[in-house]
Number of protein chains: 2
Amino acid sequence: MLKSNKTLRKLMAAKVSTPKSRATIIDIARVAGVSKSTVSLVLQGSSLVRKETRETVQNVIEQLGYVYNRSAAGLRQAKSDFAGIVIGDLSNPFFSELAAGIEEVLAGYNMLPVLANANEDPVQQANAIRALREHGVAGIVLSPARGTTAWTISESFPKGLPVVVAMCVVDDCPFPYVGPDNISGFLQATGHLIELGHRSIAFLGGDNSFAVQKERIEGWRKAHRDVGLVADDRLIINSAPSRQGGAEAMEIALSHPQKPTAAVCHNDVVALGASRLLHESGLSVGRDFSIVGFDDIAEAAYAFPPLTTVSVGTRNMGMEAAKRLVQLIKGEAVDSRKFLGETKLIVRQSTGPCKV
Amino acid sequence: MLKSNKTLRKLMAAKVSTPKSRATIIDIARVAGVSKSTVSLVLQGSSLVRKETRETVQNVIEQLGYVYNRSAAGLRQAKSDFAGIVIGDLSNPFFSELAAGIEEVLAGYNMLPVLANANEDPVQQANAIRALREHGVAGIVLSPARGTTAWTISESFPKGLPVVVAMCVVDDCPFPYVGPDNISGFLQATGHLIELGHRSIAFLGGDNSFAVQKERIEGWRKAHRDVGLVADDRLIINSAPSRQGGAEAMEIALSHPQKPTAAVCHNDVVALGASRLLHESGLSVGRDFSIVGFDDIAEAAYAFPPLTTVSVGTRNMGMEAAKRLVQLIKGEAVDSRKFLGETKLIVRQSTGPCKV
DNA sequence: AGCATTTATTGGAACGTTCCAAATGTCAAG
DNA sequence: CTTGACATTTGGAACGTTCCAATAAATGCT
């Protein structure tokens, strides 16, 4: 008797056909009195099915509360409508703006973004990418963690997977890139200081291990050239791209033989650190020494004094990144391999006229 | 000859077995000289397979760069490790903080958040939920769009799907809820004004169509009661929860017979609108009239003058929501059906002592 | 009436996993 | 040498879709 076990299971399964789990295409077919193939055609909006049939099927679908199973479909046809986003930290407004831009464009193509947090750590980043791949995302927008090299990247991605790199240049990387226009941003920042009468303007923070550094320094140089001045390379002071680094760099700047009266900084965090050191040294930021940051992070406005900085149009860059990803996924030509977002100088109170 | 078409296809498929698309469990099995079942067992870390075998298989996996196909697995076993997040707008820092909190907890369970934007529109919200369901998410955190009713919600969700409602109460809704402690928040806000000497404090913005309104007004009342005062209901001035609404409400307040000297507002946006109107009327916010907002959106700090407001610990609420969602998914008991986040008064410059 | 063409419909084989029942191999005890 | 117990491994049937080739039905043409 125990042998009938299997048959029994089947029987029971048949008995309790409708109760658990979602209805399938086959349930629909049975109720509508057509074949599963027909239901599938209706689902795909094919013009092959007769109007009447389509309507019958659609009614049954409605009635049974059927929900399409995309995983199952994805198993058969290769395409997926997930797009992965790998970023440092969602709660950083810089990244969430980016994500929002991506989401907006994706939604226009009925795609859904799947988020993965890399925490600025290459190892976590690799895991995140793997998880995304396991889920069969159609492509990935990657905002590389620091220390990511072209090699790391090529390691993580199989040949065919569409990828767009955002915000942070990786040298020799074969993927389209979307990021801020560093040159123009630093041109604006430095130009602003020059207009205020400053003639000895330091470049604080970062070092050449950052791919963006070259461009940023180039912007600083160009601003000088444009008005017939020449930037003094001795005023480039490297440091870690952190608050601490900013403070250290400023310390060096203050006792520098070239006596800078102002500085542009690698980013806002460096600027904030530098600003604090000035304050602690009894100098008034914006009066005794002018400082400009880069990124326009939320904190820049909170700071004391509110930081003059360069905003990089983060949301728009997210949109551009997503646009390119979709093009890649569809196999279309990509608008341009390198998109540089417009930058905008935001004048607050950390800059003022040169008093020397 | 044309008839051999099918066979030909097969042949070709066999010929070019490895080139395109990802390797499968079967490819691994073939190379490792075991059955697909064994590979599957290895993948699941089963203790049934011999150590040697496991190692062989793992080597081959490594070697072929095999990537697990979760959709395929999901087809067979019912569970998914996607969790849906439905929110109004990612670029609103209020929501992105929430999402970040959710992401953090989810990551701890190796789950991935899938984002869907409802744009504060019930129709888009329903679509978003449907899309998420089609993708087989294991559960959803929903921050309901305005106008969402218990009925709308029950309409969108099948019986079994785990759902946690966040940030915005929906009456008679069977799902666990996580949101700010409105009563205590308004208690703090109003208490702050009372301490500053204000005795005629208006409640600006919102109306009873907002589920949260009752609680917020209750907080305002309680603050009065706690010090033996009695709130004057005539000072409740409804309006749309927008900048414009805030300005309108403030206009009414200014010509109000009860002459309020301060106001608590339904949220920060209302407060900002009210603040601007005061400014335009030549009154100094913080000196001539005090204003407190609610939410502590990023803009609150940028505003002129920086807005005194109540922060609701958004990120933490995201974490609590995710925690409950996971419990629901696992079929465990939920910590509590209703979690109220701690609120914190942030004093900036839109409030000051009563001068009357 | 017979055949070709078009229009609708359909069964079955994929897709890459997991699960089950069953098969195999090894060993110890009877 | 059987038998049973245990440790490993395995083939095949699911899961819910899509695609293809084949069928069925309806229509047009001679």
Side-chain angles (χ1 to χ4, degrees), chain A residues 2-10 13-14 17 20-30 32-57 61 64 66-81 133-136, chain B residues 2-10 13-14 17 20-30 32-54 56-57 61 64 66-80 133-136:
Chain A
L2 281 174
K3 271 313 186 72
S4 69
N5 192 322
K6 191 175 167 181
T7 334
L8 190 64
R9 280 171 47 84
K10 263 221 170 109
S17 65
K20 247 293 154 82
S21 79
R22 45 209 248 191
T24 86
I25 215 185
I26 297 192
D27 297 325
I28 307 293
R30 192 181 318 121
V34 297
S35 78
K36 59 180 174 30
S37 305
T38 305
V39 177
S40 175
L41 288 176
V42 171
L43 251 21
Q44 296 169 78
S46 162
S47 59
L48 284 178
V49 316
R50 197 159 40 113
K51 202 176 158 201
E52 287 178 25
T53 317
R54 190 203 327 286
E55 279 163 5
T56 317
V57 171
I61 285 179
L64 297 199
Y66 165 79
V67 174
Y68 185 66
N69 183 334
R70 282 200 133 79
S71 315
L75 192 53
R76 190 61 230 266
Q77 34 163 49
K79 68 183 193 164
S80 142
D81 51 3
R133 292 222 285 140
E134 290 186 353
H135 284 285
Chain B
L2 281 173
K3 270 315 188 66
S4 68
N5 192 321
K6 190 174 167 182
T7 333
L8 190 66
R9 282 171 46 84
K10 264 224 170 105
S17 66
K20 248 283 149 92
S21 79
R22 43 209 252 194
T24 85
I25 214 183
I26 296 191
D27 298 324
I28 307 293
R30 192 180 319 121
V34 297
S35 78
K36 60 180 172 30
S37 306
T38 305
V39 178
S40 174
L41 288 176
V42 171
L43 252 21
Q44 297 167 77
S46 161
S47 60
L48 283 179
V49 314
R50 198 160 38 114
K51 202 175 158 203
E52 287 179 25
T53 316
R54 188 201 331 283
T56 317
V57 171
I61 285 179
L64 297 199
Y66 165 79
V67 174
Y68 185 67
N69 183 334
R70 284 201 133 77
S71 316
L75 194 53
R76 189 63 230 264
Q77 34 164 49
K79 68 183 192 164
S80 143
R133 291 222 285 139
E134 290 186 354
H135 283 287

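Every chain is numbered from 1 and lettered A, B, ... according to where its sequence line falls, protein lines coming before strand lines.
Rounded to whole Å, the distance from OH on A/Tyr68 to P on D/dG16 is 14 Å. Rounding to whole angstrom units, CD1 of residue B/Ile61 and P of C/dG16 are separated by 15 Å. A/Leu75 places its CG atom 17 Å from the P atom of C/dA13, with the value rounded to the nearest Å.
For A/Ser35, a side-chain nitrogen or oxygen approaches OP1 or OP2 of C/dT10 to under 4.0 Å. The phosphate of C/dT9 has OP1 or OP2 within less than 4.0 Å of a side-chain N or O from A/Thr53. Distances shown here put a side-chain N or O of A/Arg50 below 4.0 Å from the OP1 or OP2 atom of C/dT9.
Looking only at side-chain heavy atoms (C-beta outward), B/Asn69 and B/Thr24 stay at 4.5 Å or farther from each other.
Both B/Lys51 and B/Arg76 lie close to DNA chain D; mapped to their nearest nucleotides by heavy-atom distance, the more 5′-ward contact belongs to B/Lys51.
Counting only heavy atoms from C-beta on, B/Gln77 has its side chain closest to C/dT18 among C/dT18, D/dC15, C/dA13.
Of the possible donor and acceptor atoms, one in the side chain of B/Arg54 sits under 3.5 Å from a partner among the backbone N and O of B/Ser46. A/Ser71 places no side-chain N or O within 3.5 Å of a backbone atom of B/Gly74 that could act as its donor or acceptor partner.
At a non-hydrogen distance threshold of 4.0 Å, A/Lys36, A/Ser37, A/Thr38, A/Leu41 from residues 36-44 of chain A come into contact with DNA chain C.
Residue contacts for A/Ser71: at a heavy-atom cut-off of 4.0 Å it reaches no nucleic acid atom on any strand shown.
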